[in-house]
Amino acid sequence: MTNSLNDMRHAKSLIFIGSNAPEAHPISMQHILHAKEKNNAPIIVVDPRRTKLAAKATDFVRIRPGTDAAFMLGLINVITTNGWEDKEFIRTRVSGYEELLAVTKDYTPEAVEEITGISAEQTRHVAKVLAENRPTSLTWCMGGTQHSIGSSITRTFCLLQLVLGNMGKSGGGTNIFRGHDNVQGATDMCVLADNLPAYYGLAEGSWKHWCRVWDVDYEWIKSRFPKPELMQLPGFSLARWYEGVLGEEKLYQDTPLKAMIQWGCGANSNSQYNRVVQAYNKLELLVVVDPFPTMAAAACDTDNIYLLPSASQYETSGSVTSTSRQIQWRHKVVDPVHNSKDDYQIMELLVNKLGFADKFYKNIKQVPEDLTRELGRGALTIGYNGQTPERIKKHMENWHTFDIDSLQAIGGPCDGDYYGMPWPCWTDEHPGTPILYDISKPVAKGGLPFRNRFGNEKTYDSSGRTENQLAAKGVCNPGSEVEGGYSEFAEIVPGTNWKTDLSQKTLKVAIARGMAPFGNARARCVVWNFPDQVPIHREPLHSPRPDLIAKYPTYKDKQKHYRLDTRFESEQNPELVKEFPYVITTGRMVEHMGAGAETRSNQYLAELQPEMYAEINPRLGNNLGFRDGDMVWIESPEGSKIKVKAFFTERVDEKTIFLPYHFAGVLMGESLIDKYPEGHAPYVVGECGNVVTNYGYDIITQIQATKDGLCKVSKA
Ligand SMILES: Nc1nc2c(c(=O)[nH]1)N[C@H]1C(S)=C(S)[C@@H](COP(=O)(O)OP(=O)(O)OC[C@H]3O[C@@H](n4cnc5c(=O)[nH]c(N)nc54)[C@H](O)[C@@H]3O)O[C@H]1N2
Ligand SMILES: Nc1nc2c(c(=O)[nH]1)N[C@H]1C(S)=C(S)[C@@H](COP(=O)(O)OP(=O)(O)OC[C@H]3O[C@@H](n4cnc5c(=O)[nH]c(N)nc54)[C@H](O)[C@@H]3O)O[C@H]1N2
Ligand SMILES: [Mo]
């Protein structure tokens, strides 16, 4: 989130795209409804389903899954043709604007209606509401990301906010509600296949940086890889790891994967789940570290699996990062119960057994405090260095001194700090950054410009135009020594830059000069290293509209996408819709969490939502000849199927079927409840929605396209 949950209280309008906060982020609703009641802020909800959030909306915009980019480009079209854009913001802080307009001119409200199903009139109306009620807080969640063009869609959300001038302002921003508790922290730690902690990438310089932080010899780490080039090659992503085991597709490494550790992963969260089950059974070793056995325990037919019972978060302590980039300390409530161990203990035992303790644990004397300190030493890119364990704990102890609207402490021992020191928090004295890219405050007081990350000048391929990428003259934070754009800081300490200077002198010099260590640049509309330099609409791989496939085809197939090839063009078959006529989309319900291992094992939650179902429009159900409550088969183009209860509801339209994805324990009609370890079966089992979610992955991130596939349905 560029802003924070609390800051949404200042919004003059709010737009939610593919976010269903009352189910997925219920606590956020107090801030959202505050803005609605106190500021009279209109709420716009863009979703294929009339959700619980839509019930609170002033405007519900029903959209065909996977077409959000077209809608956003259409809003920009209306805003710019009416002259409602923020001209000064664009002139001084945005680059590539002309190139953006060259794309949006084709997305007229009429063209958008054809793609999205949203009437031209409603697109015009929404654009006007946003233009007249600034700043707008824009929230997107998984409805915007889980598509083969997810990375383009999310860029269009940012572009809309740039055009309206809503970035770096209280009440504005792009506010992506994060998933799990501490998922922001997990992301910052880069538990990813293509990054080292704190988004440092895999280049040699990044490895060397972290080796210095860990105090480990770079040559030794290098020697651990069978080939040095593997060090810089992205690994398998979570979305497609099982293909690395099955080895039926071309792999960009010498051997298939043989062992897998699933640490706090529900497993049936993976699309193509029946292929995951095949992979489980092919692995030589599968280790599940989880308080619950998870579906993996029931799905494995071999004895290759070890279940390591981890403790829950109530049984351990440490720093966690919230969706608002705030760092908090979690204190242990009880010691780990039964024979479970907390995650640190399990990791330490593993590291000891593997013989790496003298390398990785040599500077870790006090767990977990020293882990937070190590992160602070290395994660300079995102400013995790000012949040020491002592300061975090002090914030927790003085909760009551922070203001709910501004998040700033008023007096008391934390006076002037923002709660949880939202990153970047550059130094021990820095208060944290409550709103990213806010140039109204000095950098030392939590202000920031846009980051200079992509050079100082660029010539665009599409237009041949050359443009300065730094902010315009006169545009900077108060007190900046340079009054306008500037590059990122380097060479204050020879051989380092602001990201790699472990003495942190560079950061301190920059801030003393009133400047941001990462420079002062423009937000770019053109991303020249992406296949679509300016985002455009492309039809989902499995699209219900053959006519639109011809007009908005997907990408060419992508080779060496992580360690696999990904099919795009060769998978987009315009005939598919004849046999699989309904769009399938998936998501959450408030009572269950993720893959559901925890919540389906909780008798109270199990009682509230005891059964897997499919949301089907009554008209569709009646036309197909089944009744509300009947069992139906849902089949995917990949040949897998699930048997679930039909839940008739007008939440969905006649062409769309929605599945919650929290269920497991039944596989293609067969119950596996007897295969859980004795006494450990969850109270509720059900078919996994992810058995029928279709093939399809984002072109950049490889996120699975679990929000736009095709299916057929018939009475069971
Ligand atoms: N109770 C509960 N809370 C949770 C979770 C949970 O499992 N249970 N999971 C957590 C996690 S990990 C995450 S990431 C968040 C996710 O939070 P959300 O993303 O809000 O949750 P979802 O239900 O997956 O998707 C939101 C909405 O996207 C809509 N949608 C589907 N396709 C499209 C589309 O193409 N366009 C648009 N505009 N909308 C679409 C769906 O109908 C749904 O209403 O929730 C977190 N909170
Ligand atoms: N069809 C479909 N599929 C989806 C999505 C969708 O919208 N639709 N959403 C995707 C998204 S956004 C996400 S984030 C994933 C989520 O997918 P998963 O991460 O697989 O989902 P969870 O069930 O939340 O998994 C968390 C596991 O951690 C365990 N756990 C809890 N506390 C601890 C602890 O302290 N230590 C350890 N070691 N384990 C613990 C829980 O018991 C649980 O089994 O699903 C993805 N899959
Ligand atoms: Mo998530």
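Keep in mind that the numbers below use all heavy atoms, side chains included, and drop hydrogens, waters and symmetry copies. Counting starts at 1 for both ligands and their atoms, in listed order. All of these numbers come straight from a predicted model, not from anything done at the bench.
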Problem set entry | side chain to side chain contact (heavy atoms under 4.5 Å, CB included) between H125 and V129, intermediate numbers included | CA-CA 6 Å; H125 168 73; V129 171; 3.6 Å; yes
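Checked by atom type, the side-chain pair S271/T693 shows a donor-acceptor distance below 3.5 Å. S312 and E315 share a donor-acceptor pair across their side chains, judged by distance under 3.5 Å alone. There is no side-chain donor-acceptor pair under 3.5 Å between T321 and R178.
By the 30° and 60° cut-offs, the orientation of the rings of F568 relative to Y555 is perpendicular. Below 30°, between 30° and 60°, or above 60°: for H592 and H662 the angle between ring planes is between 30° and 60°, a tilted geometry. Using cut-offs of 30° and 60° on the angle between ring planes, the pair F157 and W140 is tilted.
Considering both main-chain and side-chain atoms, T693 never comes within under 3.5 Å of ligand 2 through any nitrogen or oxygen pair. An N or O contact shorter than 3.5 Å links S310 to ligand 2 by distance. Residue contacts with ligand 2: D343 is placed with a nitrogen or oxygen under 3.5 Å of a nitrogen or oxygen of the ligand (distance criterion only).
When each of L548, I549, D708, I149 is checked for a side chain to side chain contact (heavy atoms under 4.5 Å, CB included) with P540, only D708 meets the rule.
Numbered from 1 in the order shown, with element, the atoms of ligand 2 that lie under 4.0 Å from a heavy atom of W263 read 38 (N). Below 4.0 Å from some heavy atom of A267 lie the following atoms of ligand 2, by number and element: 20 (O). For ligand 2 and Q313, the ligand atoms under 4.0 Å from any heavy atom of the residue are 34 (C), 35 (O). Taking a cut-off of under 4.0 Å to the non-hydrogen atoms of T294, the atoms of ligand 2 that pass are 44 (O). Heavy-atom proximity to A597, at under 4.0 Å, picks out these atoms of ligand 2: 44 (O). Contact atoms of ligand 2 toward F292: 42 (O) (distance under 4.0 Å to a heavy atom of the residue).
Contact shell of ligand 1 (protein heavy atoms, cutoff 4.0 Å): I17, G18, S19, N20, E23, A24, H25, V46, D47, P48, R49, T51, I63, P65, G66, D68, C141, M142, G143, H147, G179, H180, T585, G587, R588, M589, V590, H592, M593, G594, H662, K707.
Heavy atoms of A311 approach ligand 2 to within less than 4.0 angstrom. At a 4.0 Å cut-off, not a single heavy atom of G689 sits close enough to ligand 2 to count as contact.
No salt bridge links R64 with E114; every basic N to acidic carboxylate O contact stays at or beyond 4.0 Å.
Cation-pi check for R240 over Y697 is met; the charged atom lies under 6.0 angstrom from the ring centroid and within 45 degrees of its normal.
Of all heavy-atom pairs spanning T136 and S13, the tightest one is OG1-OG, 2.8 Å.
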